[in-house]
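Sequence lines set the chain letters: A, B, ... in the order given, protein chains first and strands last, and positions in each chain run from 1.
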2 protein chains.
Amino acid sequence: MSPARPTIHDVAARAGMSKSLVALALSGSPKVSEKSRVRIEQAAAELGYRPNAAARSLSIRRSRTIGVLILDLHNPVFAEILDGVQTEVRQHGFSTMLVTGGENPDLELAEIETLREFQVEGLILISHRLPTDVLRSIAAEIPTVVVTRDDIVAPGMDTVSNDDVAGARLAIDHLVGLGHERIVYVSGGDNPVSHLRATGYAEAMTDHGLTEQIRIVPGGLTDATGYRAAETAVELDPTALFVANDIAAIGAIAAVENAGLRVPEDISVIGYDGISLGALRRINLTTIGQPLAELGRRAAERILHRIANSGIESNRDYLSAELRVRGTTGPAAITPS
Amino acid sequence: MSPARPTIHDVAARAGMSKSLVALALSGSPKVSEKSRVRIEQAAAELGYRPNAAARSLSIRRSRTIGVLILDLHNPVFAEILDGVQTEVRQHGFSTMLVTGGENPDLELAEIETLREFQVEGLILISHRLPTDVLRSIAAEIPTVVVTRDDIVAPGMDTVSNDDVAGARLAIDHLVGLGHERIVYVSGGDNPVSHLRATGYAEAMTDHGLTEQIRIVPGGLTDATGYRAAETAVELDPTALFVANDIAAIGAIAAVENAGLRVPEDISVIGYDGISLGALRRINLTTIGQPLAELGRRAAERILHRIANSGIESNRDYLSAELRVRGTTGPAAITPS
DNA sequence: CTGAAAGCGCTAACAA
DNA sequence: TTGTTAGCGCTTTCAG
């Protein structure tokens, strides 16, 4: 490749000064004469000098890098969270190192290992599936914050998530406000998030005196599972469907339409997450929007704070979601039950 | 944090051997007695030893890391390409360091700089917007491969892209095969990709004897721009729309439907890219699918090869796209022109 | 202000 | 087989 990258030593030689002076000047120390500084900066520029992060990291014993694990880049939710993380982290002079688990949970652990070999100073785990005990031992060794999960408490670890119970209640309140009573929850399968949303659904239904109407059909968090679950749900003759997440909701709408029913005239559908995709005119999905970028920003804030103050107490952040009314919900059809 | 990470030195002490022996054993060298190896591995495990990538990188003068720049994580196209990159790179024992440019082009350059400070051995640039001369100087210093752009040639750099002209022809062939003649191209704005697709459109139209019917309306690559452009396109009374990319196509469909026309009964719509989103049942978009993961895989292959063989000639890969017929295209309506 | 020297954790000769 | 030694490039005392 190229004929050996210039080092601080080369810069010093060219500027006719010592290595350490160059180091000082380059780190913006005030105890370098203006004249020297200019000479040095010029020499560095001429040589195309670029500091070696590995060497610095080794020397100062800090990498100024935080590791981010994302379950799956394809789900837009994660991309949006990541955005918030990067913005915040960058502002504090840190870099991020991103890895994705892919299909395989073992890989997920291996990737975290890689991150740690690179000496990241903290870990932001976004929707991973690591078991509690593994997580616990990781958090014991390195500052960690978990995003979108609050089912784990461990020393050394913070959580940043959305209040799913409250969000689900928002959805039901909205539907009930539109006159709906036969509201079915299309679940997202057996995972913490889906369970919490089910809880919110049930609580809100009860609050509205609709305990009798509580009906949950098992589903999943994907387009296909949402589609299939909605096929079942439709047979329950609902006027509205509350679906565990946006992607599944989009699948559910397809199923409703395929069954010869219109959305929202015959059946209203509301999702959860607030992915930007739902805003596409063609989709126009009413949903409970999480503050995704803010979730990421907060996570970054927490990890940075934890890095700076080791040993602080675990913190749990809950950001609130908001109702975003678009085109897939409307007044309940006036049909006999 | 934790009480100082164990180093190779600690492992040696615990195993009662020298540093270098440990290094050898840990790198799986055959010139270490079985007995010593076991002792060392045990000591390492007990201590929870984890090699320091920065130190290794400094010592061997290689980072075994490749840097990836992605324009925008929100566009699913890039996430899918990235998937291919990561899979391939990982298989060769390399790690990836991912950065995103965000809104600001200057940031993009700064991020590349960061990547280089971390001593990445090669750069994969996915849909960046760096000017040619900048790119040229980067490629002169570090192995680089550019994905989804083939408008740049520079020594030290490979390109991996899709044959947009051929792909566009596929789209037109498909539509003409369905009996369409009044086919409008909804462009993606002023960028290389969009221009190439326009070229393919025009060529194919001419080949089919439809030169007279060539009509291009200016648009963009987003949902909103696709929507607006399609509003204009509809006034041209077309039977089919070929839209520059999938996201814009989804916007276009909304516009068509809003104009009181049905897709595909009144107007067929075909997109380009093959994002997984288009496969959602609710969208069901006919499109020209690029082999996205394969694009990423190939890029990784190229960069790895270039890293191993410095100074090789520039290579240009063109992967072919394929027609994916789904529900937004159908026979041309039999209406008078 | 400036320069010399030690050391971060690891690898890679080179001896023993 | 093993142990010694000398850096990789950078930061950081600690004397001049």
Scan nucleotides 10-16 of chain C nucleotide by nucleotide, 5' to 3', and note B when protein non-hydrogen atoms come under 4.0 Å of the base, S if they reach only the sugar-phosphate, - if neither. BBB----
Could you tell me whether the side chain of B:Arg136 and the main chain of B:Val153 form a donor-acceptor pair under 3.5 Å?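 Checking the backbone N and O of B:Val153 against the side chain of B:Arg136, a donor-acceptor pair under 3.5 Å is found.
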Is a donor on one side and an acceptor on the other found under 3.5 Å between the side chain of B:Arg39 and the backbone of B:Ala15?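 Judged by distance alone, yes, a pair lies under 3.5 Å.
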Expressed in angstrom and rounded to an integer, what is the separation of [X] atom [atom1] from [N] atom [atom2]?
X        : N      : atom1 : atom2 : value
A:Met17  : D:dT11 : CE    : P     : 17 Å
A:Phe118 : C:dG9  : CZ    : P     : 17 Å
B:Asp10  : C:dC8  : CG    : P     : 11 Å
A:Leu24  : D:dG9  : CG    : C1'   : 16 Å
A:Leu58  : D:dC8  : CG    : C1'   : 9 Å
B:Glu117 : D:dG9  : CD    : P     : 15 Å
B:Gln119 : D:dG9  : CD    : C1'   : 9 Å

Phosphate-side-chain proximity, A:Ser57 and D:dC10, N/O vs OP1/OP2 below 4.0 Å: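 Negative; the distance criterion is not met.
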Would [X] and [Y] pass as an ion pair if we require N to O under 4.0 Å?
X        : Y        : value
B:Arg116 : B:Glu113 : no
A:Asp158 : A:Arg302 : no
A:Glu88  : A:Arg297 : yes

At how many degrees, to 10°, do the end axes of the helix from C:dC1-D:dG16 to C:dA16-D:dT1 meet when each uses five pairs?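 Nearest ten degrees gives 40° for this helix.
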Among D:dT2, C:dC8, D:dC8, find the nucleotide with the atom closest to the side chain of A:Arg61.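 It is C:dC8.
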